[in-house]
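Each remark here refers to the structure printed beneath this line.
As the structure is a prediction and not an experimental result, all values here were calculated from the model. Chain A is the first sequence line, chain B the second, and so forth, proteins listed ahead of strands; every chain is numbered from 1.
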Amino acid sequence: MAVFLHDTMSRELRPLLMKPDRALFGMYCCGPTVYGPAHIGNFRTFTVQDVLRRTLEVAGLRVKHVRNITDVDDKTIRGAQAAGQTLTAFTQQWTDKFHRDCQALGLLAPHVEPSAVAHIPQQVAMIKALVDRGHAYVAKDGSVYFKVCTCKDYGKLTHLDFSKLETQGTNSAGEANDADEYERESASDFALWKSRKPEDGANFWPSPWGEGRPGWHIECSAMSLEHLGATFDLHGGGIDLCFPHHENEIAQTECATGIQGFAAHWFHSAHLLVDGDKMSKSKGNLYTLDQLIAKGFTTTEVRYALIAGHYRSSLNFTFKGVEDAHSALAKLERGTDRLLVAAGFTRAEFLPPATQETQTAWGRFQHAWEVLQNDLNVPGCLGQVFTVLADKDEPTSAQARQDLSGLAKILYALGLTLFTAAPVAAAPAEVVALAAQRWAAKQAKDFAAADRLRQELTALGWAMLDRKDGYDLKPV
RNA sequence: GGCGCGGUAGCCAAGUGGUAAGGCCGGGCUCUGCAAAAGCCCCAUGCGUCGGUUCAAUUCCGACCCGCGCCUCCA
């Protein structure tokens with residue numbers, strides 16, 4: 001069985017397989033614009049992509065994962081100037097922050113992470129090819145635009161009808177689209193190269209059309225061509241990138257190379273809502289990972305919450321959702337512990353699978369794996385996992401080992417790492433002393449004193465959890 | 001207006017032409033001096049509304065209601 005995934009362009013469920021003539025499965029994902037900390041909506045998309053990559057690896061595909069860094073655009077230039085930094089210093093700082101957040105969330109680093117600034121020559125070369133082939137024109141100010149009407153199947157990804165281009169001059173509100181003042185021949189044409197303007201400061205590069213900087217869409221076309229070739233297996237991004245970004249990428253690459261079939265499969269993830277609303281700065285519901293950590297959530301819990309809904313449905317992110325994830329993860333750990341005991345393994349022996357180790361057993365988690373392979377159905381897969389863990393039949397040692405082999409692979413695919421809870425902070429001496437007194441009182445059957453001491457501990461913010469042979473202290 | 005998505009228990013969320021996974025919360029029980037933890041059990045005759053097809057629909061078709069996304073640089 002292969003991994004089947006919904007393809008945005010064909011709107012069908014299609015298998016993802018290694019092409020016989022390729023050594024690697026090429027996967028390109030649109031990465032972040034580094035002008036500030038990414039928010040959890042961004043991370044939903046990157047986490048879903050990470051689950052896809054991991055799932056493909058477990059399925060035995062050799063994936064080459066490319067995810068770009070957008071480090072030159074209006075926002076990064078403005079941000080750098082506002083911060084009084086060079087563009088390079090400014091974007092590097094936010095790139096570093098992005099990397100730290102990704103690592104915290106358990107995202108595997110892409111195999112290649114190209115930056116737009118580092119690929120200016122490739123972008124210029126692609127624009128030149130488009131001009132030479134008659135797909136682009138140079139405006140009076142030296143900007144270069146893609147001529148959409150020269151791309152006869154423009155709109156094929158989103159199934160938009162561009163035969164009536166005159167309507168494209170207005171937006172949904174009926175207002176003229178004059179957001180930019182460049183001189184385009186048609187309202188639907190888009191910038192490939194933006195001529196140097198005073199507000200760009202020092203951020204310009206030479207080109208055959210004069211100094212300037214690349215447009216947004218061209219970077220992904222140039223970088224995917226550079227690192228994956230004119231055609232590759234899968235292209236991913238947030239649903240909002242479908243149009244115009246991905247539509248433009250297709251047009252640019254296919255017109256520049258003359259080769260059809262830019263990306264064989266389009267993978268788009270739905271948006272994250274917060275408390276039922278679209279995230280926005282004005283609503284104040286744009287959470288960053290740091291803000292969630294500050295609220296006491298672990299990154300594993302956040303990751304669980306981000307993948308707990310199917311990737312093609314919008315997911316409503318709430319604090320309750322992360323709290324639910326906490327309880328669910330604890331249950332997952334308890335169930336795994338029981339299997340480890342049955343198998344005679346320690347937690348330290350419960351390791352992620354070696355990649356390419358596809359022939360090993362799945363045990364009772366076979367079905368959970370099949371569910372995951374069906375359009376990356378993470379919630380369905382988790383449901384199956386819990387169903388197996390709730391099975392009251394005690395497995396034999398051999399069966400438990402098979403189960404653990406399967407479970408380890410599923411947890412790897414989901415990117416969930418168990419048993420990572422930091423040891424609770426040591427209790428202060430005062431608390432330790434009170435606990436010792438209470439334990440002594442309890443042993444002496446002086447329950448009145450024991451209860452009083454428990455209350456004192458509670459007042460100090462500590463709970464005392466009795467065991468048969470001792471006790472644990474836990475902050476409340 | 002165009003294109004698209006969705007409405008499943010208190011909350012979250014899968015799924016199927018044959019009678020509703022799972023998680024959270026809640027309730028009960030067992031265990032425990034108390035507390036907690038843990039284990040076990042219970043928790044939608046119902047899947048937006050109304051029609052249609054069918055032996056059978058939540059699942060297919062149609063209409064309608066409601067919510068949401070994109071329609072030029074937002075993951």
Side-chain angles (χ1 to χ4, degrees), chain A residues 8 11 29-33 38-49 70 73-75 148 155 158-161 164 167-174 177 179-180 184 187-191 194 215-217 236-245 247-248 268-273 276-280 304-305 308-310 312-318 320-321 323-332 334 338 367-368 371 374 377-390 392 442 445-448 450-451 454-455 457-458 463-468 471-472 474 476:
Chain A
T8 308
R11 298 176 181 173
C29 299
C30 291
T33 301
H39 56 69
I40 51 167
N42 298 317
F43 281 120
R44 181 200 191 184
T45 294
F46 299 134
T47 304
V48 161
Q49 290 163 349
T70 297
D73 79 322
D74 292 343
K75 291 191 290 274
V148 167
T158 44
H159 308 272
L160 294 175
D161 182 7
K164 42 182 169 63
T167 65
Q168 296 303 312
T170 57
N171 63 17
S172 55
N177 279 322
D180 70 49
R184 291 176 292 175
S188 56
D189 292 349
F190 54 89
K194 298 183 171 186
W216 176 40
H217 313 296
I239 188 71
D240 53 302
L241 295 186
C242 270
F243 186 86
H245 185 57
E247 207 70 79
N248 292 352
H268 290 106
S269 42
H271 275 173
L272 189 75
L273 305 175
D277 271 328
K278 183 176 179 177
M279 284 187 297
S280 69
Y304 189 104
H310 187 90
R312 282 203 284 138
S313 298
S314 52
L315 177 70
N316 189 20
F317 186 90
T318 60
K320 165 116 178 12
E323 285 160 14
D324 288 358
H326 171 85
S327 302
L329 280 163
K331 186 179 236 186
L332 202 49
R334 292 195 299 272
R338 277 197 300 277
H367 189 213
V371 170
N374 183 220
N377 187 347
V378 173
C381 175
L382 285 169
Q384 272 306 311
V385 167
F386 282 109
T387 300
V388 171
L389 292 179
K392 282 178 288 298
K442 178 184 170 179
K445 307 249 185 238
D446 182 358
F447 296 127
D451 288 350
R454 174 183 289 287
Q455 282 175 18
L457 285 165
T458 305
M464 189 164 169
L465 309 180
D466 292 0
R467 297 191 316 266
K468 280 262 182 282
Y471 55 89
D472 296 313
K474 189 182 83 167
V476 178

Whole-angstrom distance between [N] and [M], as gauged at atom [atom1]:
{"N": "B:C74", "M": "B:A38", "atom1": "P", "value": "46 Å"}
{"N": "B:G67", "M": "B:U58", "atom1": "P", "value": "25 Å"}
{"N": "B:A44", "M": "B:A21", "atom1": "P", "value": "10 Å"}

Hey, does [X] reach any base, or is it just sugar-phosphate, or nothing, if we go heavy atoms under 4.0 Å?
{"X": "A:L273", "result": "nothing"}
{"X": "A:F386", "result": "sugar-phosphate"}
{"X": "A:G383", "result": "base"}
{"X": "A:G237", "result": "sugar-phosphate"}

query = Reading RNA chain B 5' to 3', how would its secondary structure be written in dot-bracket notation, given Watson-Crick and G-U pairs with both distances under 3.5 Å, brackets [ ] for crossing pairs and | for partners on other strands?
reply = (((((((..(((.....[...))).(((((.......))))).....(((((..]....))))))))))))....
Would you mind reporting whether [Y] and [X] have side-chain heavy atoms less than 4.5 Å apart?
{"X": "A:T8", "Y": "A:C242", "value": "yes"}
{"X": "A:D466", "Y": "A:R454", "value": "yes"}
{"X": "A:W216", "Y": "A:D73", "value": "no"}

note = Protein heavy-atom contacts under 4.0 Å, written 5' to 3' over nucleotides 3-15 of chain B as B (base), S (sugar-phosphate only) or - (none), form the string SS------B-SSS
inquiry  = Give me the atom names and distance for the closest heavy-atom approach of A:A305 to A:G321.
reply    =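 The pair with the smallest heavy-atom distance is CB-O, 4.3 Å.
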task = Without swapping roles, check the side chain of A:E247 against the backbone of A:T158 for a donor-acceptor pair under 3.5 Å.
result = yes
ask   = Which residue, A:L272 or A:L382, contacts RNA chain B at a nucleotide closer to its 5' end, judged by nearest heavy atom?
value =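 Counting from the 5' end, the first nearest nucleotide belongs to A:L382.
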What's touching nucleotides 34-38 of chain B from the protein side, N or O pairs under 3.5 Å?
| residue | atom | partner | partner atom | Å |
| --- | --- | --- | --- | --- |
| B:C34 | O2 | A:R454 | NE | 3.1 |
| B:C34 | N3 | A:R438 | NH2 | 3.3 |
| B:C34 | N3 | A:R454 | NH2 | 3.0 |
| B:C34 | N4 | A:D466 | OD2 | 2.4 |
| B:A35 | N1 | A:D466 | N | 3.1 |
| B:A35 | N3 | A:R454 | NH2 | 3.1 |
| B:A38 | OP1 | A:R334 | NH1 | 2.6 |

ask   = Would you say the base of B:C73 and the side-chain of A:K75 have a donor-acceptor pair closer than 3.5 Å?
value =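 Absent.
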request  = Considering just the side-chain nitrogens and oxygens of A:S327, establish if one lies under 4.0 Å of OP1 or OP2 belonging to B:C25.
outcome  =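 Affirmative; the distance criterion is met.
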query = How many angstroms lie between atom SG of A:C381 and atom CG of A:N374, to the nearest 0.5 angstrom?
reply = 11.5 Å
